[in-house]
Chemist: 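Quick one: structure below, then a few questions.
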Amino acid sequence: MKRREFIKVSSLLGAGAAASPALLLGGCAAKPLPGTGTVSTTPTICDMCFWKCAGNVYKEDGEIWKITGNPDDLHSGGRLCTRGTGGPGAYLDRDRLKRPLMRVTIDGKQTFRETSWDVALDFIADKMKSIAATAGPERMLMLNHGAGSSHFRHLLRAYGSDSHAEPAFAQCRGPRDVGFRLTFGASASSPERTDMANARCIVLIGSHIGENLHNGQVQTLAEALNNDVTLITVDPRFSVPAGKSKYWLPIKPGTDMALLLAWMNVLITEDMYDKDYVERYTVGFDQLARHVRDYTPEWVYLETGIKPDVIRQTAREMAQAAPATVVHPGRHAVWYGDDTQRSRAIAMLNALLGSWNRKGGFYVPEKVSLPNYPLPDYPKPKARTADAYPGKWPFAGQGVTNGVIEASVGDDAYFKGWLVYGTNLPQTVPGIAQQLEAAANSLELVAVVETMPSEMTGYADVILPECTFLERYDDLRNSGERHPSLALRMPAFEPKYDSKPGWWIAKQLGKRLGLEAYFPWNDYAEKLDWQLKQVGSSLEEMQKIGVKNFPRKTPLYFRDGERVRFRTPSRKIELYSKQLADKGFEPMPVYTPPDPVPEGFYRLNYGRMPAHTFGKTVNNPLLFQLSPENQVWVNPLVANEWSLKNGDYVRLGGTNGVVSNKVRVRVTERIGPDSVFMAHGFGHKSKRLRLAAGVGADDTELMGNVKVDPIMGGTGLRASFVTFVRERA
Ligand SMILES: Nc1nc2c(c(=O)[nH]1)N[C@H]1C(S)=C(S)[C@@H](COP(=O)(O)OP(=O)(O)OC[C@H]3O[C@@H](n4cnc5c(=O)[nH]c(N)nc54)[C@H](O)[C@@H]3O)O[C@H]1N2
Ligand SMILES: Nc1nc2c(c(=O)[nH]1)N[C@H]1C(S)=C(S)[C@@H](COP(=O)(O)OP(=O)(O)OC[C@H]3O[C@@H](n4cnc5c(=O)[nH]c(N)nc54)[C@H](O)[C@@H]3O)O[C@H]1N2
Ligand code: SF4
Ligand SMILES: [Mo]
C-alpha cells in the first residue's frame, strides 16, 4: 500500500452540502445602523494579496465591521482594493481550518483526525530531528509564499536548512528579476520601481493593470492617465488598460520578443536613443545595433501582425517622451520559456530610452534601515537549495519550485521533509499533481501550515491551522519603495477556534528542536517593540498609527551625468551579456516563434480578475458573492463554429487529456479567434471549500505544454492549448 495517499479533503470530517454565502457568514448578525455601537480600530496590513496595503480594522461591539485603508499609507494611497475590503470574509469563513489534523489509517483507509497542538508539534519536531540526524538538516525543505513565511524561514535556518523555494519566483516574476539583474545589476523590485505617476509614455506588455489589481500601481496608472500620458498596450486581448490606451497593439501571442527587437531597431536606425546615457552607462551597444539590424518593422510585422508604421510610430512616441517613458517590466513573466531573454529585451529597451533611474522612468527604491533583533547566528548550512538539482538553471539565484519538487520524488530523493506555508501547489505549478503524490509518498514528513482546507493540505501528514492575518502579529512591513515606511500588522481579534499565529507555531517547534535561543520572546510584540525602538518609534506608537513614514536618505533618481557603478561584472548596464555567453546562452535576446496551434485547439490565455487573488479568495464569502465563477472568453467566430452561446456551460480539454470542470462561456470580440481566456484560481477540488469546490475551471490542470526557461527554471505557462469538449445534455 502507498505510504501516503492523497486524501481528497472532501472525505474529511464529513463535508456538508453547499451552503449560501449568507449562511457561511455565521456570527455576523445584521445591525440596523452600522457604526452606532461601540467602535474601535486596530491597524493591519492586508493579506488578501501580496501587495501589503496598510489598513484599519473596525470592530463594533467586539465583532468585525469593516476594513478600510490607512490614510497615512503612501504605498496604498490610503485605500484598499475590492479584495482588501473583503478581508473580513477571510476571518469569518466557516470553512477555515479549526484544529490541528493528523493523517491516520482507519480500517485500511487514510483520513485526517483532529488532534492537539502538542501531539501535532511533537510529531513534526521528532521527524525533523530524525531527518537532521540521518540525512542532514538541509534535506528539510520549505515551500512558501506570503508575509508569514518569515517565522518558518527563521525556524529552518536556525535548524540548519536554507533550502527553500516559492512560486513567486519560478511561477511568477523570476525571469523578470533575473533578466533585469543581468542587465542593470538590480531587479525591477516588488513593489515595482516604475515611476508611472511622472511618466509621459507608458508601455504595457501583457501587464493587465486594472484586472491585475495591485492597488498602488493601479492608482499611479490612473494618475498618469489623468495627466494625459501616452499609453501603449501590447496584448492579444482587449484588456482593461488596452481600452484606455492611445495605441492598442493586438499582438499575435508569443511574438513579443520580435516587437521588442524591432522597437530597438527603429530607435537605433532613426537615431532616437539616448546617446549620452548609452555611452556613459552601457556596454555592448555596437553588438546590439548589429543584432537588431535584421529585425526590421517589415519583417517583424509578419510575425507579430503589428503594422510597420505602428511599430515606428510607437517607437517615436517612446523616444519623444524619454527618459519619462516606462516600458513596464511586467510581473507574472513566465510565458513561453524564453522569458529571461524577453525580460532582458525589455530592460535593454529601457536602457536605450535612458529611463532606468530617471524621472518618469524608474526610481531608486529605499527602505528603512531597521536593525534585526539580536539573536545567535544561524549555523552555516551545508548545502544551498540549488544543490538539489546540480548544473540546472545557473542564473536562478534562488530556489526553483518545480526543481525542488522533482528532487523530492523517490526513496533516494534529495529532500526528506517538507514544511509548506501559504502556497497551494496543486493549483500553482502545472503538471505537478502526480509529482506531489509521488513526493508525498517518499518524504518522511509533509507538514502544511494553512488557514484553509486547500488542495495542498490533502498531501499532508500534519495540517497546522494558522489564524488569519486579522488575528496575529507578523513582521513589520519594510519594502524598498519611493517613500520608506514601516507598517504594523497586529491582532484585531483573538484567534478563532484552535488556530494559532505563525510566530507561535514556529516558536513551539523551535522549543522542541532545542532552538529556544532563537525564540527569546514570549509574545512577538516584544520583538517588534525592540525593533521599533531602534528607529525612534515603539509598538505603542505603531498600535495607534499603523504606518510610520521616514524621510529618504538617498536621491530618488540618478543625478544628471552622475558616475554610477552598476552591480554587474562590467559595472555598466550590459546590453551584451558576457555572463550569459560564458554559460552557453545567447548574449543577445533572439526571437523564436511560439509553437503553432494544433488543429481544433486554441491558445490557453489566462490572467486575473479584480475580485479575487488566485484561488485563495474564491471561498471568501464576501468575494464569492461578487464574483462566484470564472468564465471562458470565446471569440464570436469560434463560438459560432462550436455552436456556443453566451452563458452556456462547456468543458475544456487540454493536450494532456485533462477535461476541466464546467465553465461558463462569454462570447466576446475582446479575445482573438486563436485563443480563449480565463481567470486563474477557480475549479477547486477540495470539497471542504464549500463555496469554491467545483465552481469554474482550473487553468493549471489544462496546461500540457509547459516551457521551462533554461536560464532560471521558470515554468512558461502560456504555451498550452485547449479545445472544447462536447457533451450530451
Ligand atoms: N485582482 C488580482 N490582481 C492581482 C493578482 C490576483 O491574483 N488578483 N495577482 C498579482 C500577481 S502575484 C501578479 S504576478 C500579477 C500578474 O499580473 P500581470 O503581470 O499583469 O500578468 P501577465 O500575466 O503579465 O499579464 C496578463 C495579460 O497578458 C496578456 N497576454 C497573454 N498572452 C500574451 C502575449 O503573448 N503577449 C502579450 N503582450 N500579452 C499577452 C493577457 O491577455 C492578459 O491581459 O497580478 C497581481 N495582481
Ligand atoms: N495556471 C496558473 N498558475 C499560476 C498562475 C496563473 O496565473 N496561472 N499565477 C502564478 C503566480 S503569478 C503566482 S504569484 C503563484 C501564486 O501561487 P500561491 O502562492 O500558491 O497562491 P494560492 O494558490 O492563492 O495559494 C495560497 C495559499 O495560501 C493560503 N493562505 C492564505 N492566507 C494564509 C495565511 O495567512 N497563512 C497561511 N499559512 N496560509 C494562508 C491560502 O488558503 C492558499 O491555499 O501562482 C502562479 N501559478
Ligand atoms: S492590493 Fe488589495 S488585496 Fe492586495 S494588499 Fe492591497 S488592498 Fe489588499
Ligand atoms: Mo505572481
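Only a predicted model underlies this, so the values are computations on that prediction, with no experimental measurement involved. Counting begins at 1 with the first residue of the sequence.
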Chemist: Can you name the closest pair of heavy atoms from V429 and T700 and give their distance?
Modeler: C-CG2, 3.9 Å
Chemist: How many angstroms lie between NZ in K382 and OG in S161, if you round to the nearest 0.5 Å?
Modeler: 10.0 Å
Chemist: Side chain to side chain contact (heavy atoms under 4.5 Å, CB included) for K616 and N424? Distances and angles first, verdict last.
Modeler: CA-CA 8 Å; K616 81 171 191 167; N424 190 20; over 6 Å; no
Chemist: Quick one: does S442's side chain have a donor or acceptor within less than 3.5 Å of a partner on A438's backbone?
Modeler: yes
Chemist: Taking all non-hydrogen atoms of both residues into account, name the closest pair between T82 and L213 and its distance.
Modeler: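 That closest heavy-atom pairing would be OG1-CD2, 3.8 Å.
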Chemist: On a heavy-atom basis, which atom in A170 and which in V334 lie closest, and how many Å separate them?
Modeler: O-CG1, 3.4 Å
Chemist: Using 4.0 Å as the upper bound for N to carboxylate O, is an ion pair formed by K392 and E406?
Modeler: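 Answer for the salt bridge query: yes.
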Chemist: Shortest non-hydrogen contact from T428 to Q171?
Modeler: O-CG, 3.6 Å
Chemist: Would you indicate whether the side-chain heavy atoms of Y518 and H154 approach each other to under 4.5 Å?
Modeler: yes
Chemist: Would a 4.5 Å heavy-atom cut-off, applied to side chains only, mark T111 and V104 as touching?
Modeler: yes
Chemist: Got a second to check how far Q435's CD is from L425's CG, nearest 0.5 Å?
Modeler: 11.0 Å
Chemist: CZ/R651 to CG/N661 distance, rounded to the nearest 0.5 angstrom?
Modeler: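 So the gap between those two atoms works out to 6.5 Å.
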Chemist: Would you kindly say whether Y421 and E466 are connected by a side-chain donor-acceptor distance under 3.5 Å?
Modeler: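 Indeed, the side chains of Y421 and E466 share at least one donor-acceptor pair under 3.5 Å.
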Chemist: As an exercise, state the distance from CD of E444 to NZ of K127, rounded to the nearest 0.5 Å.
Modeler: 6.5 Å
Chemist: Should T41 and N56 be marked as a side chain to side chain donor-acceptor pair (under 3.5 Å) after you check the CA-CA gap, both sets of side-chain angles, and the distance that decides it?
Modeler: CA-CA 6 Å; T41 64; N56 288 315; 5.1 Å; no
Chemist: Just checking, is any N or O donor in the side chain of S116 or D118 under 3.5 Å from an acceptor N or O on the other one?
Modeler: no
Chemist: Centres of the F624 and H612 rings: under 6.0 Å?
Modeler: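 Not under 6.0 Å, so no.
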Chemist: Under 4.5 Å between any side-chain heavy atoms of R608 and H680, yes or no?
Modeler: yes
Chemist: Side chains of P426 and L436: does their closest heavy-atom pair fall under 4.5 Å?
Modeler: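 A side-chain contact exists here, since the closest heavy-atom pair is under 4.5 Å.
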Chemist: Scan side-chain atoms only and decide if N402 and T715 contain a donor-acceptor pair under the 3.5 Å cut-off.
Modeler: no
Chemist: When rounded to the nearest 0.5 angstrom, what distance separates CE in M452 from CZ in R96?
Modeler: 8.5 Å
Chemist: Does E629 reach the side chain of V663, with side-chain heavy atoms less than 4.5 Å apart?
Modeler: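 A side-chain contact is absent here, since even the closest heavy-atom pair is not under 4.5 Å.
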Chemist: To the nearest 0.5 Å, tell me how far R664 CZ sits from M678 CE.
Modeler: 15.0 Å
Chemist: Please walk me through it: do I67 and L80 pass side chain to side chain contact (heavy atoms under 4.5 Å, CB included)?
Modeler: CA-CA 8 Å; I67 310 179; L80 301 185; 3.7 Å; yes
Chemist: Is any side-chain heavy atom of L476 closer than 4.5 Å to a side-chain heavy atom of R489?
Modeler: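 In short, these two side chains do not touch, never coming nearer than 4.5 Å.
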Chemist: Using only heavy-atom distances, determine whether the side chains of R139 and T134 contain a donor-acceptor pair under 3.5 Å.
Modeler: no
Chemist: Any heavy-atom pair between the side chains of I405 and W418 that's under 4.5 Å?
Modeler: yes
Chemist: May I ask you to establish whether K59 and F493 are in a cation-pi arrangement, using a distance under 6.0 Å from NZ or CZ to the six-membered ring centre and at most 45° from the ring axis?
Modeler: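 Geometry flag: set, cation within 6.0 Å and 45°.
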Chemist: Are W117 and I505 close enough, and set up right, to give a side chain to side chain contact (heavy atoms under 4.5 Å, CB included), and what steps lead you there?
Modeler: CA-CA 9 Å; W117 277 98; I505 304 171; 3.7 Å; yes
Chemist: Would you kindly say whether T613 and R83 are connected by a side-chain donor-acceptor distance under 3.5 Å?
Modeler: yes
Chemist: Is E526 paired with K507 through a side-chain N to carboxylate O contact shorter than 4.0 Å?
Modeler: no
Chemist: Applying side chain to side chain contact (heavy atoms under 4.5 Å, CB included) to M142 and S149, what does each step give before you reach the verdict?
Modeler: CA-CA 9 Å; M142 173 141 182; S149 309; 4.2 Å; yes
Chemist: Pick out which of T42, I45, D475, L539 makes a side chain to side chain contact (heavy atoms under 4.5 Å, CB included) with L488.
Modeler: L539
Chemist: Do the non-hydrogen side-chain atoms of R113 and I106 ever get within less than 4.5 Å of each other?
Modeler: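 Touching, per the 4.5 Å side-chain cut-off.
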Chemist: Tell me whether T385 contacts the main-chain N or O of H164 through its side chain, where contact means a donor paired with an acceptor under 3.5 Å.
Modeler: yes
Chemist: Specify the closest pair of heavy atoms between P88 and L622, including all atoms of both residues, with the distance to one decimal.
Modeler: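 Minimum heavy-atom contact is CB-CD1, 4.1 Å.
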Chemist: Would you confirm whether H145, through its side chain, and P167, through its main-chain N or O, come within 3.5 Å as a donor-acceptor pair?
Modeler: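 Flag not set: sc H145 to bb P167 has no pair under 3.5 Å.
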Chemist: Show the nearest heavy-atom pair for residues A90 and F469, with the distance to one decimal.
Modeler: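 So the two residues come closest at CB-CE2, 4.5 Å.
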Chemist: Inspect the surroundings of NZ in K52 and state if more than 12 heavy atoms from other residues, nucleotides or ligands are less than 6.0 Å away.
Modeler: no
Chemist: Taking the ring of W521 and the ring of Y373, is the distance between their centroids below 6.0 Å?
Modeler: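 Ring centres of W521 and Y373 closer than 6.0 Å.
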Chemist: Is the shortest distance from a Lys or Arg side-chain nitrogen in R512 or D126 to a carboxylate oxygen in the other one below 4.0 Å?
Modeler: no
Chemist: Would you please indicate yes or no on a ring centroid separation below 6.0 angstrom for Y606 and H332?
Modeler: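 Yes, ring centres under 6.0 Å apart.
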Chemist: Specify whether Y524 and H151 have parallel, tilted or perpendicular ring planes, treating 30° as the upper limit for parallel and 60° as the lower limit for perpendicular.
Modeler: perpendicular
